[in-house]
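Worksheet: one structure, shown below.
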Amino acid sequence: MPSNEGIVFFMIQFNKIAKIYNRKYVLKDINLSFKKNKTHVFIGSSGSGKTTLLKLLAGIITPDQGELQVFGHEDLRSKDYLSKLGYVVQEGGLFPHLSARKNILLSLKNSPMKPKEKNEALIHFTRLVHLNEYLLDKYPHELSGGQKQRVGLIRALIRNPEILLLDEPLGALDPIVRADLQTELKDIFQSLNKTVFFVTHDMNEGAFFGDSITLLDNGLVIQNGTFEELVRKPKNDFVTKFIKSQLSHRLVQELAHAP
């Protein structure tokens, strides 16, 4: 009987995916495969297609061409698939008329969990993301950007999703808060062993989080691989130019020639 040793099984597969808006391709001929329990970064400038990829994974939109499978699911709008997702957007996407606590617990509305179990989960994840518990009774307008982002993260995590989708979750934060939350998020991803898709336009952030990085431009995948592969083995001049535009030339050269 043949051994499976050394074979890599990809759990998320984009096969010739295309998306069209107003007769224009916003994604074209996307062929990608991703491993489970890793953090995958979609990066590119505005309009490159990175958020469209995330929306496909979230079941918000469907491809016009091609096939997309996630953990064997082909219908990404089914209740079974959607129950496996956690979705985080900038500033958490909170309902302004609900307290932080109610925003979070809303995601457990149809959960079979008992009230005591819901509260225990709420406290657990509140502590995990380092949010002060007294802030749970505050409304979104009473919270800072970093606090709102933590609430949004709790709301996504409390359902114990298999897949976590984050659409530029740190983009609106000031540099110090952003740096702190980056470190906390990376620790959370590693400790919970989730499959994460992270959209950003910041190569520094992509390098920090990504086990893999997918660089897009005008709806096309320019290169997919590790940060080191993008630096040391760029597919074309666009890759090098994109990296150099965000990292210092000296740092890029050091990375490219590091052992």
Side-chain angles (χ1 to χ4, degrees), residues 8 10-14 17 19 26-27 30-58 60 68 70 85-90 149 152-153 156-157 161-173 175 178-236 238-247 251-252 255-256:
V8 177
F10 295 101
M11 305 302 292
I12 302 97
Q13 295 185 315
F14 292 76
I17 291 291
K19 187 65 186 174
V26 293
L27 289 175
I30 304 296
N31 294 284
L32 292 166
S33 298
F34 299 102
K35 299 176 186 177
K36 187 178 181 181
N37 300 336
K38 300 291 184 180
T39 297
H40 308 287
V41 171
F42 296 149
I43 192 166
S45 55
S46 179
S48 62
K50 55 189 186 297
T51 294
T52 305
L53 278 179
L54 202 72
K55 288 181 177 179
L56 286 169
L57 285 166
I60 296 172
L68 172 57
V70 185
L85 294 183
Y87 197 9
V88 183
V89 298
Q90 280 194 25
Q149 203 58 60
L153 187 60
L157 290 173
E162 291 185 32
I163 306 168
L164 193 59
L165 308 175
L166 300 103
D167 191 0
E168 300 212 45
L170 310 180
L173 303 181
R178 184 171 182 166
D180 289 343
L181 197 48
Q182 281 177 342
T183 301
E184 291 174 18
L185 276 179
K186 188 168 185 177
D187 289 343
I188 289 169
F189 296 162
Q190 292 175 343
S191 65
L192 296 180
N193 204 30
K194 301 294 183 185
T195 303
V196 179
F197 288 92
F198 193 108
V199 166
T200 183
H201 63 272
D202 184 339
M203 182 55 80
N204 293 280
E205 195 163 78
F208 181 73
F209 282 109
D211 293 304
S212 76
I213 297 175
T214 304
L215 176 59
L216 297 111
D217 185 50
N218 290 321
L220 297 171
V221 173
I222 306 303
Q223 187 166 346
N224 180 61
T226 65
F227 175 65
E228 289 77 13
E229 287 170 340
L230 267 66
V231 171
R232 299 181 188 181
K233 299 178 181 179
K235 288 287 180 70
N236 54 34
F238 177 85
V239 179
T240 302
K241 184 177 179 180
F242 187 90
I243 294 172
K244 285 184 177 180
S245 71
Q246 300 198 37
L247 305 179
L251 178 57
V252 173
L255 291 168

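In terms of heavy-atom proximity, Thr195 sits nearest to Asn37 at OG1-N, 2.7 Å. What you find for Gly86 and Pro161 is that their closest heavy atoms are N-CB, 3.4 Å. The heavy-atom pair separating Val41 from Gly210 by the smallest distance is CG2-CA, 3.6 Å. For Ile30 against Gly219, the heavy-atom pair with the smallest separation is CD1-O, 3.5 Å. Shown here for Ser45 and Asp217, the closest heavy-atom pair between the two residues is OG-OD1, 4.3 Å.
To the nearest 0.5 Å, atoms CZ (Phe34) and OG1 (Thr214) are separated by 3.5 Å. Note: Phe208 CZ to Asn204 CG = 11.0 Å, rounded to the nearest 0.5 Å. Remark: Leu220 CG to Leu215 CG distance equals 11.0 Å, nearest 0.5 Å. Taking CG of Leu53 as the reference point, atom CD1 of Ile17 lies at 9.0 Å (rounded to 0.5 Å). Once rounded to the nearest 0.5 Å, the distance linking CG of Leu56 with NZ of Lys19 reads 7.0 Å. Glu162 CD to Lys36 NZ: the interatomic distance, rounded to the nearest 0.5 Å, is 5.5 Å.
No donor-acceptor pair closer than 3.5 Å links the side chain of Gln13 to the backbone N or O of Ser33.
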### Message
The test is side chain to side chain contact (heavy atoms under 4.5 Å, CB included); show your working for Thr226 and Asp211 and say whether it passes.
### Response
CA-CA 6 Å; Thr226 65; Asp211 293 304; over 6 Å; no
### Task
Mind running side chain to side chain contact (heavy atoms under 4.5 Å, CB included) on Ile222 and Leu216 for me, showing each step along the way?
CA-CA 5 Å; Ile222 306 303; Leu216 297 111; 5.8 Å; no
### Query
Run the side chain to side chain contact (heavy atoms under 4.5 Å, CB included) check on Asp167 and Val88 step by step: do they pass?
CA-CA 6 Å; Asp167 191 0; Val88 183; over 6 Å; no
### Message
One pair to check against side chain to side chain contact (heavy atoms under 4.5 Å, CB included): Leu166 and Thr200. What are the steps and the verdict?
### Response
CA-CA 9 Å; Leu166 300 103; Thr200 183; over 6 Å; no
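Remark: Tyr87 engages no residue in a ring-ring contact (aromatic ring centres under 6.0 Å, His included) (not counting sequence neighbours). In this structure, Ser48 has no side-chain hydrogen bond (donor to acceptor under 3.5 Å, both in side chains) partners at least two apart in sequence or on a different chain.
Counting only residues at least two apart or in different chains, salt bridge (charged side-chain N to carboxylate O under 4.0 Å, His left out) contacts with residues 184-201 comprise Arg150-Glu184.
The shortest distance between side-chain heavy atoms of Lys50 and Glu168 falls below 4.5 Å. Residues Leu32 and Ile12 are not in side-chain contact: their nearest non-hydrogen atoms beyond the backbone lie 4.5 Å or more apart. Residues Leu230 and Ile243 meet the side-chain proximity criterion, which asks for heavy atoms closer than 4.5 Å. No side-chain heavy atom of Ile213 sits under 4.5 Å from any side-chain heavy atom of Asn224.
Of the candidates Leu165, Ile60, Val199, Lys55 forms a side chain to side chain contact (heavy atoms under 4.5 Å, CB included) with just one, namely Ile60. The residue from Lys35, His40, Glu229, Lys38 that alone fulfils the side chain to side chain donor-acceptor pair (under 3.5 Å) condition with Ser212 is His40.
For Phe42 and Phe197, the gap between ring centers is short of 6.0 Å.
Residues Arg178 and Glu205 are paired through a salt bridge, judged by an N-O separation under 4.0 Å between the basic side chain and the carboxylate.
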